[in-house]
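First comes the structure, then the notes that go with it.
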Amino acid sequence: MEFELQTHEGAYPNQITVDPDNGRYMLRSADTSGEIFNSAYELLNWIQQNWDKDAFVHPEKYDQMIEAIRSKTDE
């Protein structure tokens, strides 16, 4: 599953990839920096520590993304 979340500040959206079938857990921030993780849990933990939902144009999409990733950590 993939998500794109537009920030108020950035020209590019933040992109998040959660692909347990292929072991891909990564994100790219609006500033085009990126992070790669070993699990959905690590990705979720990083997002919750480093991003604030109020930074996004649609904060409800942030909440939906968190819940979707959380469901992958339970598997």
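These figures come from a predicted structure and were not determined experimentally. Below, all heavy atoms of this structure are taken into account, side chains as well, without hydrogens, waters or symmetry copies.
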Nearest non-hydrogen partners of V57 and H8, listed with the distance: CA-CE1, 3.7 Å
Using a 4.5 Å cut-off on heavy atoms from C-beta on, say whether the side chain of F37 contacts that of L44. no
For I69 and A40, the nearest pair of non-hydrogen atoms, with its separation, is CG2-O, 3.8 Å
Is the closest side-chain heavy-atom distance between E2 and R24 below 4.5 Å? yes
Distance-minimising heavy-atom pair for A30 and G10: CB-CA, 4.0 Å
Below 4.5 Å, heavy atoms only, C-beta onward: do K72 and Y25 meet side chain to side chain? no
List the atom of K53, the atom of Y62, and the distance in Å for their closest heavy-atom pair. CB-CD2, 3.1 Å
Results of side chain to side chain donor-acceptor pair (under 3.5 Å) for N22 - residues two or more places apart only: D19
Any chance OH of Y41 has more than 12 other-residue heavy atoms, nucleotides or ligands included, within less than 6.0 Å? no
Would you indicate whether the side-chain heavy atoms of E35 and E42 approach each other to under 4.5 Å? no
For S29 and N14 the tightest heavy-atom approach is C-OD1, 3.5 Å
Nearest 0.5 Å please: distance from the NE2 atom of H58 over to the CG atom of D63. 13.5 Å
Smallest separation among heavy atoms of R28 and P13, with atom names: NH2-O, 3.7 Å
Roughly how far apart are I47 CD1 and Q49 CD, rounded to 0.5 Å? 11.0 Å
Tell me whether L5 shares a hydrophobic cluster with M1, the cluster being built from Ile, Leu, Val, Met, Phe, Trp, Tyr side chains joined at under 4.5 Å. yes
Under a 4.5 Å side-chain heavy-atom rule over Ile, Leu, Val, Met, Phe, Trp and Tyr, are W46 and I66 clustered together? yes
Do other residues, nucleotides or ligands put more than 12 heavy atoms under 6.0 Å from the CD atom of E60? yes
Any chance you could measure I36, atom CD1, to T17, atom OG1, to the nearest 0.5 Å? 10.5 Å
